[in-house]
Amino acid sequence: MKNLMKVLALCAIVAFYGCDSSEKAGKGKASFYLTDGPIEASNVSEVVISISNVEVSEPNGWEIVKEYETPVSINLLELQGGETFFIEEADLTAGDYGQVRLGLAQSTEEMDPAHYIKFTDESITELTIPSGNQSGYKIVGGFTIPDGGVTSVIIDFDVRKSVVKAGNSGKYILKPTLRLLEDSNVGAIEGSIVGDYEGNLVVYAYEDGTYADSETEVNGEGIIFANATTSANVNAEGNYSLPFLSAGTYDIIVAEFNDQGEYVGIISEEENVSLEAGVKLTVDLEITL
């Protein structure tokens with residue numbers, strides 16, 4: 001009988017501490033950041049969007065990561081070359097995630113327009129959000145919040161694919177193209193352009209084998225190099241940086257544009273560039289074409 005009482009007492013202690021541990025477990029932290037790639041046209045000085053909230057899809061539904069009392073306006077062109085905008089660090093249920101929703105604000109008297117392009121001549125054109133998308137844009141990707149741990153999540157807003165000119169109307173439509181990345185799973189490719197050139201250069205990264213000659217043609221939405229994973233402008237010193245690339249093998253394409261963003265030609269290609277997570281890889285690109 002005494003032995004039975006000891007066993008029951010031991011079970012009670014284990015159950016108590018087991019319950020206490022389980023109450024503390026199951027949570028982790030995730031920091032969310034927004035970044036962007038460049039556009040080909042050099043006559044654009046700002047591309048501004050206004051964010052009202054950011055949510056993640058948890059097993060029990062959508063969870064608010066950040067809700068702004070007043071929508072925050074962000075010039076996406078300031079978030080290039082690895083620069084980021086910090087959104088929030090949130091306590092969330094540990095586990096695997098596959099979706100984030102970015103809430104875009106609507107124009108008001110105080111903020112009109114909420115989303116716009118500003119050109120180098122100081123003129124401003126509103127970016128129109130298509131009907132039905134004003135509640136937010138879902139971003140599909142994958143990241144894991146470890147139990148009791150921390151992760152960083154990058155929302156990559158590819159502005160050159162997201163701003164679509166509506167024919168000859170002079171209007172622009174905002175149709176966000178976004179990537180969702182976990183910081184621990186990405187690396188970067190950077191380097192210099194070797195050789196003489198004129199005009200504006202843009203470097204594109206393609207997943208191995210996905211680049212084709214047809215990429216130099218404008219698609220139905222007016223986008224050139226539409227299937228590139230990411231891109232980077234070459235700066236005045238001849239350097240480029242392709243941050244936030246998932247580990248993998250890439251083909252690197254260098255194209256020349258005029259000041260209006262009109263395609264001139266391909267001047268360099270580098271195939272089978274292998275990138276590992278956490279690595280900053282230097283690849284100098286020689287002008288050969």
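Computed from a predicted structure; not experimentally measured.
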Other residues, nucleotides, ligands: >12 heavy atoms within 6.0 Å of Asn272 CG: yes
Exam field: side chain Tyr197 to backbone Asn200, donor-acceptor pair closer than 3.5 Å: no
Short side-chain to backbone donor-acceptor contact, Ser162 and Thr177, under 3.5 Å: yes
Mind telling me whether Phe257 and Phe225 have parallel, tilted or perpendicular rings, with 30° and 60° as the class edges? perpendicular
Whether Glu256 side chain and Ile267 backbone form a donor-acceptor pair below 3.5 Å: no
Between Val186 and Ile154, is any pair of side-chain heavy atoms under 4.5 Å apart? no
Do the side chains of Tyr250 and Leu245 get nearer than 4.5 Å, heavy atoms only? yes
Verify side chain to side chain contact (heavy atoms under 4.5 Å, CB included) between Thr93 and Glu63, making sure each step is shown before the conclusion. CA-CA 10 Å; Thr93 303; Glu63 176 79 13; over 6 Å; no
Between Lys118 and Val48, is there a side-chain heavy-atom distance shorter than 4.5 Å? no
Side chain to side chain, His115 and Ser50, heavy atoms closer than 4.5 Å: yes
I would like to know whether Ser107 and Asp112 meet side chain to side chain contact (heavy atoms under 4.5 Å, CB included); could you show each step before the answer? CA-CA 5 Å; Ser107 295; Asp112 186 18; 4.0 Å; yes
Is there a side-chain contact between Phe85 and Val72 in this structure, where contact means two heavy atoms from C-beta onward sitting under 4.5 Å apart? yes
So, the side chain of Gln80 versus the backbone of Leu77: is there a donor-acceptor pair under 3.5 Å, distance only? yes
Give a yes or no on whether the backbone of Ser268 and the side-chain of Thr288 come within a donor-acceptor separation of less than 3.5 Å. no
Can a donor-acceptor pair be found, under 3.5 Å and without considering hydrogens, that links the side chain of Glu270 to the backbone of Val283? no
For Arg101 and Trp62, run side chain to side chain contact (heavy atoms under 4.5 Å, CB included): C-alpha distance rounded to whole Å, both residues' side-chain angles, the deciding distance at 0.1 Å, then the answer. CA-CA 9 Å; Arg101 186 159 60 195; Trp62 289 96; 3.4 Å; yes
Check against side chain to side chain contact (heavy atoms under 4.5 Å, CB included), Ile287 and Asp196: CA-CA 8 Å; Ile287 296 175; Asp196 298 326; 5.9 Å; no
Measuring from Thr128:OG1 to Tyr172:OH, what's the distance to the nearest 0.5 Å? 12.0 Å
I want to check something: taking the side chain as every heavy atom from C-beta on, are Leu242 and Ile252 in contact at a cut-off of under 4.5 Å? yes
Side chain of Thr35, backbone of Glu83: donor and acceptor closer than 3.5 Å? yes
Got Val203 and Val234 here, is their nearest side-chain heavy-atom distance under 4.5 Å? yes
Between Leu104 and Leu102, is there a side-chain heavy-atom distance shorter than 4.5 Å? yes
